[in-house]
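Inspection log for the structure reproduced underneath, given as C-alpha coordinates.
The structure presented is a predicted model; accordingly, all values stated were derived computationally and were not measured. Because only heavy atoms are used, hydrogens play no part in the values below, and waters and symmetry mates are left out as well, while side chains stay in. Here is the naming used below: chain letters follow the sequence lines, and residue numbers restart at 1 for every chain.
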Number of protein chains: 2
Amino acid sequence: MRLSTRSRYGVRLMLELALNYGRGNIDLKEVAKNEDISLKYLSQIVIPLRQARLVISQRGSRGGYTLSRRPEEVSLKDIVQVLEGDLALVECVRDGSSCRRASICVTQEIWAKLSRVIDDTLMTVTLADLVSRYNEKNCPAQTYDI
Amino acid sequence: MRLSTRSRYGVRLMLELALNYGRGNIDLKEVAKNEDISLKYLSQIVIPLRQARLVISQRGSRGGYTLSRRPEEVSLKDIVQVLEGDLALVECVRDGSSCRRASICVTQEIWAKLSRVIDDTLMTVTLADLVSRYNEKNCPAQTYDI
DNA sequence: TACTAAAACTACTAAAATAGTAGTAATTAA
DNA sequence: TTAATTACTACTATTTTAGTAGTTTTAGTA
(Lines give C-alpha, C1' and ligand atoms only; values in the text may rest on other atoms or scores of the structure.)
Protein backbone atom coordinates (compact mmCIF):
# COMPACT_ATOMS: atom_id res chain seq x y z
CA MET A 1 0.00 0.00 0.00
CA ARG A 2 2.34 2.54 -1.32
CA LEU A 3 1.85 6.05 -2.57
CA SER A 4 3.49 6.33 -5.98
CA THR A 5 6.27 8.79 -6.73
CA ARG A 6 3.90 10.11 -9.33
CA SER A 7 1.53 11.40 -6.67
CA ARG A 8 4.28 12.56 -4.38
CA TYR A 9 6.15 14.39 -7.10
CA GLY A 10 2.89 15.85 -8.30
CA VAL A 11 2.18 17.30 -4.88
CA ARG A 12 5.66 18.79 -4.72
CA LEU A 13 5.22 20.26 -8.17
CA MET A 14 1.96 21.84 -7.09
CA LEU A 15 3.60 23.11 -3.93
CA GLU A 16 6.24 24.88 -6.02
CA LEU A 17 3.52 26.51 -8.06
CA ALA A 18 1.75 27.52 -4.87
CA LEU A 19 4.93 29.02 -3.44
CA ASN A 20 5.17 31.13 -6.58
CA TYR A 21 1.49 31.87 -6.90
CA GLY A 22 0.89 35.31 -8.35
CA ARG A 23 4.34 35.59 -9.90
CA GLY A 24 3.47 34.47 -13.42
CA ASN A 25 4.56 31.37 -15.21
CA ILE A 26 6.90 28.92 -13.54
CA ASP A 27 8.68 26.58 -15.87
CA LEU A 28 9.26 22.95 -15.11
CA LYS A 29 13.02 23.31 -15.32
CA GLU A 30 12.87 25.52 -12.27
CA VAL A 31 10.62 23.08 -10.43
CA ALA A 32 12.77 20.13 -11.43
CA LYS A 33 15.83 21.88 -10.06
CA ASN A 34 14.22 23.03 -6.81
CA GLU A 35 12.62 19.70 -6.09
CA ASP A 36 15.36 17.52 -7.51
CA ILE A 37 13.06 15.58 -9.80
CA SER A 38 13.72 14.53 -13.39
CA LEU A 39 12.48 17.21 -15.77
CA LYS A 40 11.26 14.65 -18.26
CA TYR A 41 9.35 12.76 -15.62
CA LEU A 42 7.82 15.96 -14.28
CA SER A 43 6.68 16.89 -17.75
CA GLN A 44 4.74 13.62 -17.82
CA ILE A 45 3.21 14.17 -14.45
CA VAL A 46 1.99 17.66 -15.20
CA ILE A 47 -0.10 16.52 -18.15
CA PRO A 48 -2.99 15.02 -16.18
CA LEU A 49 -2.87 18.00 -13.83
CA ARG A 50 -3.40 20.28 -16.78
CA GLN A 51 -6.10 18.06 -18.20
CA ALA A 52 -7.87 18.21 -14.86
CA ARG A 53 -7.51 22.01 -15.03
CA LEU A 54 -5.59 22.20 -11.79
CA VAL A 55 -2.86 24.07 -13.63
CA ILE A 56 -2.78 26.31 -16.67
CA SER A 57 0.05 26.02 -19.12
CA GLN A 58 1.60 28.45 -21.48
CA ARG A 59 3.78 27.21 -24.27
CA GLY A 60 6.71 28.85 -25.92
CA SER A 61 9.46 31.04 -24.64
CA ARG A 62 8.79 32.44 -21.17
CA GLY A 63 6.08 29.82 -20.90
CA GLY A 64 5.39 27.60 -17.93
CA TYR A 65 2.66 26.69 -15.52
CA THR A 66 0.49 28.45 -13.00
CA LEU A 67 -2.14 27.27 -10.55
CA SER A 68 -5.60 27.72 -11.96
CA ARG A 69 -7.03 28.37 -8.48
CA ARG A 70 -5.79 29.93 -5.30
CA PRO A 71 -3.70 27.61 -3.10
CA GLU A 72 -6.48 27.68 -0.49
CA GLU A 73 -8.76 26.11 -3.06
CA VAL A 74 -6.64 23.13 -4.02
CA SER A 75 -6.59 20.13 -1.70
CA LEU A 76 -4.20 17.25 -1.80
CA LYS A 77 -7.13 15.06 -2.61
CA ASP A 78 -7.62 16.97 -5.85
CA ILE A 79 -4.04 16.28 -6.80
CA VAL A 80 -3.71 12.68 -5.68
CA GLN A 81 -7.03 11.77 -7.21
CA VAL A 82 -5.87 12.96 -10.59
CA LEU A 83 -2.49 11.30 -10.41
CA GLU A 84 -3.59 7.94 -9.06
CA GLY A 85 -6.03 7.68 -11.92
CA ASP A 86 -9.25 5.85 -11.18
CA LEU A 87 -7.47 3.41 -8.97
CA ALA A 88 -9.35 2.82 -5.78
CA LEU A 89 -7.79 1.39 -2.66
CA VAL A 90 -9.78 -1.72 -3.48
CA GLU A 91 -11.61 -2.24 -6.73
CA CYS A 92 -14.85 -3.47 -5.17
CA VAL A 93 -15.26 -0.18 -3.32
CA ARG A 94 -15.36 1.76 -6.55
CA ASP A 95 -17.39 -0.81 -8.43
CA GLY A 96 -19.52 -3.18 -6.39
CA SER A 97 -20.22 -5.41 -9.34
CA SER A 98 -16.54 -6.20 -9.73
CA CYS A 99 -16.82 -8.86 -7.07
CA ARG A 100 -19.65 -11.33 -6.92
CA ARG A 101 -19.16 -11.73 -3.18
CA ALA A 102 -19.94 -8.06 -2.64
CA SER A 103 -23.38 -8.72 -1.22
CA ILE A 104 -22.13 -10.99 1.53
CA CYS A 105 -18.72 -9.46 2.10
CA VAL A 106 -18.07 -7.52 5.28
CA THR A 107 -14.47 -6.64 4.54
CA GLN A 108 -15.65 -4.45 1.70
CA GLU A 109 -17.34 -2.18 4.22
CA ILE A 110 -14.06 -1.76 6.03
CA TRP A 111 -12.13 -0.90 2.90
CA ALA A 112 -14.81 1.59 1.98
CA LYS A 113 -14.43 3.20 5.37
CA LEU A 114 -10.67 3.29 5.02
CA SER A 115 -11.00 4.91 1.61
CA ARG A 116 -13.22 7.57 3.10
CA VAL A 117 -10.82 8.26 5.92
CA ILE A 118 -7.96 8.67 3.46
CA ASP A 119 -10.00 10.95 1.25
CA ASP A 120 -11.12 13.04 4.19
CA THR A 121 -7.58 13.44 5.40
CA LEU A 122 -6.29 14.53 2.02
CA MET A 123 -9.26 16.80 1.52
CA THR A 124 -8.53 18.82 4.63
CA VAL A 125 -5.00 19.68 3.53
CA THR A 126 -4.65 22.43 0.96
CA LEU A 127 -1.68 23.83 -0.89
CA ALA A 128 -2.02 26.92 1.27
CA ASP A 129 -1.43 24.71 4.32
CA LEU A 130 1.70 23.33 2.74
CA VAL A 131 2.91 26.82 1.96
CA SER A 132 2.43 27.81 5.60
CA ARG A 133 4.32 24.79 6.78
CA TYR A 134 7.01 25.49 4.27
CA ASN A 135 7.46 29.05 5.47
CA GLU A 136 7.58 27.96 9.08
CA LYS A 137 10.10 25.27 8.35
CA ASN A 138 12.37 27.01 5.90
CA CYS A 139 12.02 30.69 6.70
CA PRO A 140 12.21 30.92 10.50
CA ALA A 141 11.36 34.32 11.93
CA GLN A 142 14.22 36.51 10.95
CA THR A 143 16.22 38.31 13.58
CA TYR A 144 18.41 41.16 12.52
CA ASP A 145 21.74 41.48 14.22
CA ILE A 146 22.69 45.11 13.82
CA MET B 1 -2.38 3.37 -3.77
CA ARG B 2 -3.83 -0.03 -3.75
CA LEU B 3 -4.33 -2.59 -1.05
CA SER B 4 -2.89 -5.90 -2.25
CA THR B 5 -4.95 -9.05 -2.57
CA ARG B 6 -2.47 -10.50 -0.14
CA SER B 7 -3.74 -8.23 2.63
CA ARG B 8 -7.34 -8.52 1.62
CA TYR B 9 -7.24 -12.30 1.37
CA GLY B 10 -5.37 -12.41 4.64
CA VAL B 11 -8.11 -10.50 6.38
CA ARG B 12 -10.74 -12.80 4.94
CA LEU B 13 -8.75 -15.82 6.05
CA MET B 14 -8.55 -14.41 9.55
CA LEU B 15 -12.25 -13.66 9.49
CA GLU B 16 -12.97 -17.29 8.67
CA LEU B 17 -10.86 -18.37 11.61
CA ALA B 18 -12.66 -15.85 13.80
CA LEU B 19 -16.06 -17.14 12.68
CA ASN B 20 -14.92 -20.60 13.76
CA TYR B 21 -13.11 -19.53 16.89
CA GLY B 22 -13.37 -22.16 19.60
CA ARG B 23 -14.18 -24.96 17.20
CA GLY B 24 -10.71 -26.40 16.80
CA ASN B 25 -8.58 -26.48 13.72
CA ILE B 26 -9.86 -25.06 10.49
CA ASP B 27 -8.07 -26.24 7.41
CA LEU B 28 -7.21 -23.99 4.53
CA LYS B 29 -9.19 -26.09 2.08
CA GLU B 30 -12.32 -25.07 3.93
CA VAL B 31 -11.29 -21.42 3.97
CA ALA B 32 -10.34 -21.50 0.31
CA LYS B 33 -13.73 -22.91 -0.55
CA ASN B 34 -15.74 -20.53 1.62
CA GLU B 35 -13.84 -17.47 0.50
CA ASP B 36 -13.26 -18.54 -3.07
CA ILE B 37 -9.52 -18.03 -2.93
CA SER B 38 -6.83 -20.26 -4.42
CA LEU B 39 -5.72 -22.82 -1.82
CA LYS B 40 -2.12 -22.59 -2.91
CA TYR B 41 -2.11 -18.83 -2.65
CA LEU B 42 -3.76 -18.94 0.75
CA SER B 43 -1.13 -21.34 1.98
CA GLN B 44 1.48 -18.72 1.11
CA ILE B 45 -0.38 -15.96 2.81
CA VAL B 46 -0.84 -17.82 6.03
CA ILE B 47 2.88 -18.30 6.55
CA PRO B 48 3.72 -14.77 7.70
CA LEU B 49 0.58 -14.81 9.85
CA ARG B 50 1.90 -17.87 11.60
CA GLN B 51 5.36 -16.40 11.90
CA ALA B 52 3.84 -13.31 13.52
CA ARG B 53 2.00 -15.68 15.87
CA LEU B 54 -1.40 -14.40 14.86
CA VAL B 55 -2.40 -17.98 14.09
CA ILE B 56 -1.32 -21.35 15.38
CA SER B 57 -0.93 -24.20 12.96
CA GLN B 58 -1.21 -27.91 13.37
CA ARG B 59 0.20 -30.16 10.72
CA GLY B 60 -0.96 -33.54 9.60
CA SER B 61 -4.34 -35.11 9.25
CA ARG B 62 -7.06 -33.15 10.99
CA GLY B 63 -4.60 -30.28 11.15
CA GLY B 64 -5.30 -26.69 10.32
CA TYR B 65 -5.18 -23.26 11.83
CA THR B 66 -6.65 -21.46 14.80
CA LEU B 67 -6.45 -17.91 16.02
CA SER B 68 -3.85 -17.53 18.72
CA ARG B 69 -5.88 -14.80 20.43
CA ARG B 70 -9.53 -14.01 20.84
CA PRO B 71 -11.11 -12.16 17.89
CA GLU B 72 -11.52 -9.09 20.12
CA GLU B 73 -7.77 -8.97 20.47
CA VAL B 74 -6.82 -8.99 16.81
CA SER B 75 -7.10 -5.77 14.86
CA LEU B 76 -6.94 -5.37 11.12
CA LYS B 77 -3.80 -3.38 11.63
CA ASP B 78 -2.12 -6.46 13.10
CA ILE B 79 -3.01 -8.41 9.99
CA VAL B 80 -2.30 -5.82 7.34
CA GLN B 81 0.96 -4.85 8.95
CA VAL B 82 2.21 -8.40 8.73
CA LEU B 83 1.08 -8.92 5.15
CA GLU B 84 2.24 -5.65 3.68
CA GLY B 85 5.69 -6.35 5.05
CA ASP B 86 7.68 -3.35 6.15
CA LEU B 87 6.34 -1.30 3.30
CA ALA B 88 5.35 2.13 4.45
CA LEU B 89 2.97 4.36 2.57
CA VAL B 90 6.03 6.42 1.75
CA GLU B 91 9.57 5.30 2.44
CA CYS B 92 10.72 8.55 4.02
CA VAL B 93 8.08 8.23 6.73
CA ARG B 94 9.56 4.98 7.94
CA ASP B 95 13.14 6.02 7.46
CA GLY B 96 13.90 9.73 7.46
CA SER B 97 17.42 9.21 6.17
CA SER B 98 16.11 7.65 2.98
CA CYS B 99 15.60 11.10 1.51
CA ARG B 100 18.10 13.87 1.82
CA ARG B 101 15.37 16.46 1.45
CA ALA B 102 13.71 15.19 4.62
CA SER B 103 14.81 18.14 6.70
CA ILE B 104 13.23 20.72 4.42
CA CYS B 105 10.31 18.69 3.10
CA VAL B 106 6.81 19.54 4.22
CA THR B 107 5.04 16.88 2.23
CA GLN B 108 6.68 14.25 4.40
CA GLU B 109 4.72 15.55 7.37
CA ILE B 110 1.51 15.06 5.45
CA TRP B 111 2.33 11.52 4.45
CA ALA B 112 3.24 10.77 8.04
CA LYS B 113 -0.13 12.07 9.13
CA LEU B 114 -1.89 10.02 6.49
CA SER B 115 -0.04 6.91 7.62
CA ARG B 116 -1.16 7.53 11.18
CA VAL B 117 -4.75 8.00 10.12
CA ILE B 118 -4.71 4.74 8.20
CA ASP B 119 -3.11 2.90 11.09
CA ASP B 120 -5.59 4.33 13.55
CA THR B 121 -8.50 3.31 11.39
CA LEU B 122 -7.28 -0.24 11.00
CA MET B 123 -6.42 -0.44 14.66
CA THR B 124 -9.96 0.28 15.76
CA VAL B 125 -11.44 -2.59 13.78
CA THR B 126 -11.09 -6.06 15.26
CA LEU B 127 -11.97 -9.48 13.98
CA ALA B 128 -14.78 -9.50 16.51
CA ASP B 129 -16.22 -6.45 14.78
CA LEU B 130 -16.10 -8.24 11.46
CA VAL B 131 -17.81 -11.25 12.98
CA SER B 132 -20.61 -9.02 14.28
CA ARG B 133 -21.03 -7.43 10.90
CA TYR B 134 -20.99 -10.83 9.29
CA ASN B 135 -23.74 -12.13 11.52
CA GLU B 136 -25.87 -9.07 10.94
CA LYS B 137 -25.43 -9.27 7.22
CA ASN B 138 -25.69 -12.98 6.62
CA CYS B 139 -27.81 -14.26 9.48
CA PRO B 140 -30.68 -11.80 9.79
CA ALA B 141 -32.85 -12.25 12.88
CA GLN B 142 -34.76 -15.41 12.22
CA THR B 143 -38.55 -15.40 12.23
CA TYR B 144 -40.35 -18.66 12.47
CA ASP B 145 -43.53 -19.07 10.48
CA ILE B 146 -45.46 -21.74 12.22
C1' DT C 1 12.15 36.92 -39.70
C1' DA C 2 15.15 33.82 -37.24
C1' DC C 3 16.28 32.12 -32.83
C1' DT C 4 15.44 30.18 -28.55
C1' DA C 5 13.04 28.38 -24.70
C1' DA C 6 9.40 26.26 -23.29
C1' DA C 7 5.32 22.90 -23.40
C1' DA C 8 3.24 18.78 -25.94
C1' DC C 9 3.28 14.45 -27.80
C1' DT C 10 4.66 9.64 -28.80
C1' DA C 11 7.19 5.74 -28.00
C1' DC C 12 10.08 2.89 -25.61
C1' DT C 13 12.32 0.33 -21.50
C1' DA C 14 14.40 -1.69 -17.23
C1' DA C 15 13.22 -3.06 -12.80
C1' DA C 16 10.12 -4.25 -9.32
C1' DA C 17 5.85 -5.81 -7.49
C1' DT C 18 1.78 -8.63 -7.85
C1' DA C 19 -0.70 -12.59 -8.04
C1' DG C 20 -0.34 -16.40 -8.53
C1' DT C 21 1.18 -21.93 -9.93
C1' DA C 22 3.81 -26.31 -9.30
C1' DG C 23 5.96 -29.83 -7.01
C1' DT C 24 7.86 -32.04 -3.08
C1' DA C 25 8.74 -32.96 1.87
C1' DA C 26 7.35 -33.34 6.57
C1' DT C 27 3.93 -34.32 9.97
C1' DT C 28 0.15 -36.51 12.28
C1' DA C 29 -4.54 -38.59 13.21
C1' DA C 30 -7.00 -42.57 12.39
C1' DT D 1 0.08 -47.61 6.61
C1' DT D 2 -2.59 -44.30 4.53
C1' DA D 3 -4.74 -40.06 3.86
C1' DA D 4 -4.90 -35.39 4.88
C1' DT D 5 -2.82 -31.51 5.98
C1' DT D 6 0.87 -27.97 6.69
C1' DA D 7 5.71 -26.45 5.17
C1' DC D 8 9.02 -25.38 2.00
C1' DT D 9 11.25 -24.08 -2.40
C1' DA D 10 11.15 -22.60 -6.85
C1' DC D 11 9.27 -20.76 -10.81
C1' DT D 12 6.37 -17.51 -13.92
C1' DA D 13 3.25 -14.41 -16.45
C1' DT D 14 1.35 -9.98 -16.05
C1' DT D 15 1.07 -5.44 -14.50
C1' DT D 16 2.81 -1.38 -12.50
C1' DT D 17 6.33 1.82 -11.60
C1' DA D 18 9.57 5.03 -12.66
C1' DG D 19 11.50 6.61 -15.58
C1' DT D 20 14.29 7.91 -20.63
C1' DA D 21 14.50 9.52 -25.50
C1' DG D 22 13.35 11.99 -29.36
C1' DT D 23 10.44 14.90 -32.06
C1' DT D 24 6.96 18.54 -32.77
C1' DT D 25 4.49 22.68 -31.70
C1' DT D 26 4.13 27.20 -29.80
C1' DA D 27 5.31 31.79 -28.57
C1' DG D 28 8.27 35.55 -26.90
C1' DT D 29 12.14 38.29 -28.34
C1' DA D 30 16.36 40.11 -30.65
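Gln108(A) contributes a side-chain N or O that, together with a main-chain N or O of Cys92(A), makes up a donor-acceptor pair within less than 3.5 Å. Side-chain atoms of Ser43(B) come within 3.5 Å of backbone N or O of Lys40(B) as a donor-acceptor pair.
Looking only at atom types and distance, the side chain of Ser75(B) has a donor-acceptor partner in the side chain of Asp78(B) under 3.5 Å away. One side chain, Thr5(B) or Tyr41(B), offers a donor N or O that lies under 3.5 Å from an acceptor on the other. A side-chain donor from one of Glu84(A) and Ser7(A) sits under 3.5 Å from a side-chain acceptor of the other.
The separation between Met1(A) atom CE and dA19(C) atom P is 14 Å, rounded to whole Å. Separating the CG atom of Leu83(B) from the P atom of dT18(C) is a distance of 12 Å, rounded to the nearest angstrom.
Side-chain nitrogen and oxygen atoms of Ser57(A) include at least one within less than 4.0 Å of the OP1 or OP2 phosphate oxygen of dA8(C). The side chain of Thr5(B) contributes an N or O atom lying less than 4.0 Å from OP1 or OP2 of dA19(C).
Pairing for dT2(D) goes to dA29(C), judged as Watson-Crick or G-U wobble with the two contacts each under 3.5 Å. If you check dA17(C) for Watson-Crick or wobble pairing at under 3.5 angstrom, you find it paired to dT14(D).
For residues 37-50 of chain B, proximity to DNA chain C is found at Ser38(B), Lys40(B), Tyr41(B), Gln44(B), defined as any non-hydrogen atom under 4.0 angstrom from a strand atom. The stretch residues 13-34 of chain B has no heavy atom under 4.0 Å from DNA chain C, so no residue of it qualifies as close.
Arg100(B) has a carboxylate O that lies under 4.0 Å from a charged side-chain N of Asp36(A), or vice versa, which qualifies the two as a salt bridge. Of the charged side-chain nitrogens involved, none lies within less than 4.0 Å of a carboxylate oxygen, so that Asp120(A) and Lys113(A) do not count as a salt-bridged pair. Using a 4.0 Å cut-off between charged nitrogen and carboxylate oxygen, Arg70(B) and Glu73(B) count as a salt-bridge pair. Contact check on Lys137(B) versus Glu109(A) returns a salt bridge, with a Lys/Arg side-chain nitrogen under 4.0 Å from an Asp/Glu carboxylate oxygen.
Scanning DNA chain D 5' to 3' for nucleotides with an atom closer than 4.0 angstrom to a non-hydrogen atom of chain A gives a first and last hit of dA18(D) to dG28(D).
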